[in-house]
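Working notes, beginning with the structure itself.
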Amino acid sequence: MATELAPGLIHHPGYLDAAARARLADEVAAILAEAPSVTPRMPRTGKPFSVRMSNAGPLGWVSDVAGYRYQPNHPGTARPWPALPPTARAAWDALASYPAPPEACLINLYAPGTRMGLHQDRDEADLAAPVLSLSLGAAALFRYGGLRRSDPTRSIRLQAGDALVIGGPSRLVFHGIDRLYPVGDLLGAGDEPGFLPPGGRCNLTLRRVTAPVPP
DNA sequence: TAGTATCA
DNA sequence: GGTT
């Protein structure tokens with residue numbers, strides 16, 4: 001049962017069943033073995049994010065003192081990013097309502113206590129494509145607002161297996177993660193992928209970066 | 001300000 | 001919790 005939180009912002013609770021979550025976790029573990037997570041830094045100031053990141057797909061999102069950008073290689077190893085995880089790719093085909101494949105799968109790794117401040121995903125040239133979010137591990141408090149930072153916000157709980165489509169009029173909505181829920185808190189303990197620290201969370205976001213060339 | 005800190 |  002999907003819920004439209006706002007026009008184009010669609011929450012699919014429990015979209016991935018236990019088997020799919022386990023499969024996706026295995027795929028992510030393999031990606032991280034090849035493309036280890038890095039600590040992103042703020043442009044100009046160099047202040048570190050609390051979240052760690054890696055990527056899969058032809059392009060990966062990176063942030064350092066030089067700025068935000070998409071690039072084809074891992075900043076540490078200089079190797080190309082690993083292939084997109086098939087389970088995430090299948091979710092894109094099912095939920096994105098977009099004719100071209102995703103080019104980037106950003107992997108955000110949250111340890112307990114980490115957060116992600118309110119922000120917009122606006123580094124993609126193709127804003128017609130949605131961003132598709134998939135959650136693994138611990139549940140988290142997701143906050144979203146409007147197109148202006150000062151717009152009022154609402155919060156929902158994102159749990160392991162949830163999918164969230166951020167598209168249409170909500171494509172540039174401000175959003176972030178306020179906190180993780182302790183495991184064992186309420187229902188949905190969520191399975192614990194082996195690549196996460198105890199109580200950690202993993203979020204995958206699939207994005208189309210460049211506009212597809214017309215046939 | 002995809003940051004943290006601080007205040008109203 | 002919203003804002004600087």
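Here is how names work: the chains are called A, B, and so on, in the same order as the sequence lines, proteins then strands, and each is numbered from 1.
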For the hydrophobic clusters of this structure (ILVMFWY residues joined by side-chain heavy atoms under 4.5 Å, transitively), does one cluster hold both [X] and [Y]?
X	Y	answer
M53(A)	V28(A)	no
V51(A)	V65(A)	no
L180(A)	L109(A)	no

Using atom [atom1] of [X] as one end and atom [atom2] of [N] as the other, report the distance to the nearest whole Å.
X	N	atom1	atom2	result
H175(A)	dT1(B)	NE2	C1'	14 Å
M116(A)	dT1(B)	CE	P	16 Å
I177(A)	dT4(B)	CD1	C1'	18 Å
M53(A)	dG3(B)	CE	P	8 Å
D151(A)	dG2(C)	CG	P	12 Å
L118(A)	dG3(B)	CG	P	9 Å
H119(A)	dT3(C)	NE2	P	18 Å
K47(A)	dG3(B)	NZ	P	11 Å

Side chain of [X] - closest among [options]:
X	options	result
S150(A)	dG3(B), dT1(B), dT3(C)	dT3(C)
R149(A)	dT4(B), dT1(B), dT3(C)	dT1(B)
T153(A)	dG3(B), dG2(C), dT1(B)	dG2(C)

So what does [X] touch, heavy atoms closer than 4.0 Å: a base, only the sugar-phosphate, or nothing?
X	answer
D123(A)	base
R41(A)	nothing
R143(A)	sugar-phosphate
R115(A)	sugar-phosphate

side-chain hydrogen bond (donor to acceptor under 3.5 Å, both in side chains) assessment of R201(A) paired with S135(A) = CA-CA 7 Å; R201(A) 169 175 188 260; S135(A) 295; 2.8 Å; yes
Anything under 30° is parallel, anything over 60° is perpendicular, the rest tilted; go ahead and classify W92(A) against Y98(A).
-> perpendicular
